[in-house]
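Below is one structure, written out as structure tokens, with a few remarks after it.
Atoms within a ligand are numbered from 1 in the order they appear, just like the ligands themselves. These values consider heavy atoms only, across backbone and side chains, with no hydrogens, waters or symmetry-generated copies.
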Amino acid sequence: MSDENLRLEVLFDEKQIDSRNRELARQIAQSMGKDILVVAILKGSFVFTADLIRALYHAGCRPRVDFMTLSSYGKGTKSSGKVKVLRDLSESVEGEKVLLVDDILESGRTMAFARDLLRSRGAEDVRICILLDKPGKRIVDVDADFTGFECPDKFVVGYGLDYAHYYRELPFIGHLVPED
Ligand code: 5GP
Ligand code: MG
């Protein structure tokens with residue numbers, strides 16, 4: 001990989017992420033109760049979801065977990081704004097209290113699509129939990145019910161987030177900056 005000219009600046013470290021996850025889990029347990037269906041949007045949210053469900057356990061929840069892979073449609077630099085289901089859930093969401101979990105809320109297209117899809121399939125309630133919010137970049141009207149951190153308008157990696165398939169394993173969230 002050609003990352004010789006990039007260095008990583010830590011934005012949120014392991015301790016910050018861990019204590020924020022515990023706080024989020026308490027809020028979720030308080031407002032949704034213990035019987036929830038966690039729907040993780042892959043790939044970016046897999047690390048966050050893994051930690052969040054264990055924090056939910058400590059907060060008294062007994063969640064079930066399912067996964068859905070979504071991708072923005074279109075090639076090159078311009079997104080057509082369409083979202084595509086690459087891999088669907090394995091169970092029905094009818095009558096479920098769903099907690100949608102994703103890594104970053106940016107334009108809002110991905111989350112609005114997932115929320116509307118699960119509502120149309122008969123979910124009783126659909127709430128959104130997002131690790132990082134970039135509120136300045138919203139195109140579609142959608143807000144998270146639970147937000148980990150507000151993220152500066154920078155390209156971030158780590159804790160499940162990638163750059164060209166790398167960096168997902170970092171235990172912290174960092175910003176890639178050109179070396180000067
Ligand atoms: P949107 O809200 O625009 O539909 O989708 C946000 C998605 O764009 C995120 O789930 C993530 O996949 C990607 N994304 C946005 N900002 C960043 C970033 O700073 N770093 C990485 N790795 N992905 C990002
Ligand atoms: Mg994503």
Give the numbers and elements of all ligand 1 atoms closer than 4.0 Å to a heavy atom of Lys154. 19 (O)

Regarding Asp66 and Arg64, does a basic nitrogen lie under 4.0 Å from an acidic carboxylate oxygen? no

With heavy atoms under 4.0 Å as the rule, classify the contact between Lys134 and ligand 1 as side chain, backbone, both or neither. side chain

I'd like to know whether NZ of Lys134 has more than 12 heavy-atom contacts from other residues, nucleotides or ligands below 6.0 angstrom. yes

So Pro135 and Glu150, do their side chains get closer than 4.5 Å, heavy atoms only? yes

Considering Ile173, Val83, Ile104, which one's heavy-atom position lies nearest to atom 17 (C) of ligand 1? Ile104

For Ile130, is there any backbone N or O sitting under 3.5 Å from a side-chain donor or acceptor partner on Asp102? no

Check Asp162 with Arg168, please: is the shortest side-chain N to carboxylate O separation under 4.0 Å? yes

Of all the heavy atoms in Tyr163, does at least one lie under 4.0 Å from an atom in ligand 1? no

Evaluating non-hydrogen atoms only, which member of Val142, Thr110, Asp153 is closest to atom 4 (O) of ligand 1? Thr110

Does ligand 1 have any atom sitting under 4.0 Å from a heavy atom of Val157? no

Numbered atoms of ligand 1 (with element) below 4.0 Å of Ser107, judged on heavy atoms: 1 (P), 2 (O), 3 (O), 4 (O)

I'd like to know whether CD of Glu169 has more than 12 heavy-atom contacts from other residues, nucleotides or ligands below 6.0 angstrom. yes

Mind telling me whether Tyr163 and Phe155 have parallel, tilted or perpendicular rings, with 30° and 60° as the class edges? perpendicular

Verify whether one side chain among Asp51 and Tyr159 offers a donor that lies under 3.5 Å from an acceptor in the other. yes

From Arg138, Glu106, His175 - option closest to atom 2 (O) of ligand 1 by heavy atom: Glu106

Polar atom proximity, Gly108 to ligand 1 (N or O, under 3.5 Å): yes

Just which atoms of ligand 1 are under 4.0 Å from any heavy atom in Asp103? 9 (C), 10 (O), 11 (C), 12 (O)

For ligand 1, indicate whether the residue Asp102 contacts it via side chain, backbone, both or neither (heavy-atom separation under 4.0 Å). side chain

For atom CZ of Arg121, decide whether the heavy atoms of other residues, nucleotides or ligands shown that lie under 6.0 angstrom number more than 12. yes

Work out whether the distance between some heavy atom of Lys137 and some atom of ligand 1 is less than 4.0 Å. no

Is it the case that ligand 1 has an N or O less than 3.5 angstrom from some N or O of Val156? yes

